[in-house]
Amino acid sequence: MLVMKFGGSSLASGEALIRVAGLARKQAHRRPIVVVSAIGQTTDILAHASELAIGGQVEEAQQRVAAIRDILEKTAGAVLVDASLLAGMLASSVDEMSQLLCDLSVATTHERHSVIDSLLSHGERMSSLVMTWLLQQQGSNAVHVDAREVLVTDDRFTEASPLYGPTNDRLRELVLPLCDAARIVVLGGFIGRTLDGRASTLGRGGSDLTASVVGAGVDAEEIQIWTDVDGVMTADPAMVPEAKRLPTLSFTEASELAYFGGRVLHPSTVGPAVEKNIPVRVLNSLKSDTEGTLIVAENQLPTLTVKSIVHKEGISVIDIRSTRMLMSHGFLAAIFKVFDRLETVVDVVSTSEISVSLTIDRAERLQELVAELRGIAEVSSTGGQAIVCLVGDAIRDSPGIAAAAFAALGTINVRMVSQGSSRTNLTLVVDEQDVHAAVTGLHRAFFDDVDPALFA
Ligand code: ASP
Ligand code: MG
């Protein structure tokens, strides 16, 4: 069995839908489970519509639903021969989405998130039906499975986590028998339900996680993540045109890289795959004959010390100073309690005798955080920062990486430095204005002299 996940941009036109159906059929003998994201920008538009509705602009929000109908008509409408299938689905989905937007405009803050998830779920519900119909139209015995019947999650709406026990039970009951009957199973990524049956989603980009949860649950031989880039690259090719495709990566490297800004994989994708030791392959749906990047347990390229330089902008740094308290026990705990209470994830931490600096990538609750932390210590914050992270398993055993990195950065001011306990990354925080120079300089230093055969 094989899991094949296709992202929204790989489904964004009639042509693209045909291409994806072809890729799935080509692997039919491996009994694929096809996991699809919402078509094109559907989720972005729905998320925007929900903000408009919450802000009371219900009419403007409804116009977004009309935009989604247009997208489906242009993409799916161009390839589905039986127009009545699409028309029927659109009629009921559009009705439901419109109603949900009205609900949202009057929902309490507490109710809001589960309504948002009901709304967002329409993207994947529609795309998965479209893909099933297209495969059936092409003569394959594809079957649609409603992902909400399978993916059971906790109730942290809009950022829910899978509950593995019940999800694996349902995979065994609902999906495995279909695979055994050699059907191509199609299901939507990203969406699920709580144990008590309310709609939930796994957070933006969460279809990757669906793919790996499903892959681990059915013991797939491989989890394929199909995107529109060649694989995982040595840097973001939009910033570094010379960036090269990495033929392989280890699970550890892939998680570090996804977490610190690699754009190809969702950070939680690797977890379920690691547990069952299932290879994850990142592939380009536009160039299906290229090999992509294979992610496995062991480091296959030990001579390449730094594998990739990733970056993440939009970071805020919070500096906390206290001459008296820092070294007293309980101080860090008190600080982290504030972050916990305000549900804010901390990415990078560095400390000195009298200060601790932390980065966060969501500024929404920055003011609240700072206000609460001021009750404990002196606090200041700076926005407009960027994380630049060198990732590679062999960094651990290679002296001189930090020296080489700092030499490459020249006069660029580095605000924070940190190396995780796994020592498979070196993380720097710089001003956003310097991120381009930092990434290109580091890429030059670590990749210009590498034997091109390693990337073959
Ligand atoms: N459609 C969802 C999103 O855009 C999930 C995904 O694409 O993975 O975030
Ligand atoms: Mg997406």
Side-chain angles (χ1 to χ4, degrees), residues 3-13 16-17 20 33-51 64-65 67-69 71-72 75-76 93 97 100 113-132 146-148 150-151 153 156-162 167 186-193 199-215 223-229 232 254-255 258-259 261-273 280-286 312 314 361-362:
V3 173
M4 305 177 78
K5 178 262 168 178
F6 296 94
S9 60
S10 300
L11 305 163
S13 65
L17 291 168
V20 164
I33 299 171
V34 176
V35 175
V36 288
S37 293
I39 289 177
Q41 306 296 313
T42 313
T43 313
D44 287 329
I45 299 174
L46 284 171
H48 187 211
S50 71
E51 280 163 25
R64 311 291 147 158
V65 171
I68 288 171
R69 176 205 288 268
I71 291 177
L72 266 292
T75 53
S93 263
M97 289 189 279
L100 287 164
H113 289 292
S114 68
V115 183
I116 293 175
D117 277 351
S118 298
L119 181 71
L120 296 184
S121 75
H122 279 273
E124 271 74 5
R125 286 161 64 185
M126 294 194 288
S127 65
S128 56
L129 281 171
V130 167
M131 186 48 60
T132 312
D146 188 336
R148 297 169 301 166
V150 176
L151 247 284
T153 75
R156 288 175 50 240
F157 297 104
T158 71
E159 293 281 351
S161 298
T167 300
V186 184
L187 57 97
F190 177 59
I191 62 177
R193 273 198 192 118
S200 58
T201 67
L202 302 178
R204 296 304 309 272
S207 296
D208 284 0
L209 179 55
T210 303
S212 66
V213 170
V214 170
I223 298 162
Q224 300 180 341
I225 306 290
W226 290 84
T227 61
D228 55 0
V229 293
V232 182
S255 334
Y259 188 67
R263 281 150 190 75
V264 182
L265 271 186
H266 186 275
S268 16
T269 318
V270 181
V280 177
R281 202 185 281 274
V282 178
L283 291 154
N284 188 345
S285 66
L286 296 167
K312 184 150 107 177
D361 67 357
R362 294 198 173 175

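Just follow the structure's listing: the first ligand is 1, and inside any ligand the first atom is 1. Source: prediction; values computed, not measured.
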**Q** Do the side chain of Asp117 and the main chain of Phe157 share a donor and acceptor less than 3.5 angstrom apart?
**A**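 Not confirmed, Asp117 side chain does not pair with Phe157 backbone.
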**Q** Any atom of ligand 1 sitting under 4.0 Å from a heavy atom of Gly8?
**A**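 Heavy atoms of Gly8 never come under 4.0 Å of ligand 1.
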**Q** Within the 4.0 Å heavy-atom shell around Glu124, which atoms of ligand 1 are there?
**A** 1 (N), 2 (C), 5 (C)
**Q** Return yes if some donor-acceptor pair links the side-chain N/O of Ser212 with the main-chain N/O of Ile223 below 3.5 Å, else return no.
**A**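 No; zero donor-acceptor contacts below 3.5 Å.
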**Q** Any idea which atoms of ligand 1 are less than 4.0 Å away from a heavy-atom of Arg204?
**A**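 By the 4.0 Å cutoff, the relevant atoms are 3 (C), 4 (O), 9 (O).
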**Q** For His266 and ligand 1, answer yes if some heavy atom of the residue is under 4.0 Å from a ligand atom, otherwise no.
**A**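 The answer is no, since His266 has no heavy atom less than 4.0 Å from ligand 1.
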**Q** Tell me if the CD atom of Glu159 is crowded by more than 12 foreign heavy atoms within 6.0 Å.
**A**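 Counting other residues, nucleotides and ligands, CD of Glu159 exceeds 12 neighbours.
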**Q** Is a side-chain N or O of Lys312 found less than 3.5 angstrom from the main chain of Tyr259, in a donor-acceptor match?
**A**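 Flag set: sc Lys312 to bb Tyr259 pair under 3.5 Å.
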**Q** With no hydrogens and no angle check, is any side-chain donor or acceptor of Thr269 less than 3.5 Å from a backbone partner on Leu265?
**A** no
**Q** Using the test ring-ring contact (aromatic ring centres under 6.0 Å, His included), find all partners of Phe6 that sit at least two apart in sequence or belong to another chain.
**A** Trp226
**Q** Check whether any heavy atom of Gly205 sits under 4.0 Å from an atom of ligand 1.
**A**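 In this structure, Gly205 qualifies as a contact of ligand 1 - some heavy atom is under 4.0 Å.
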**Q** I want to know if ligand 1 touches Thr43 in the polar sense, i.e. an N/O pair below 3.5 angstrom.
**A**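 There is such a contact, yes.
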**Q** I want to know if ligand 1 touches Phe190 in the polar sense, i.e. an N/O pair below 3.5 angstrom.
**A** no
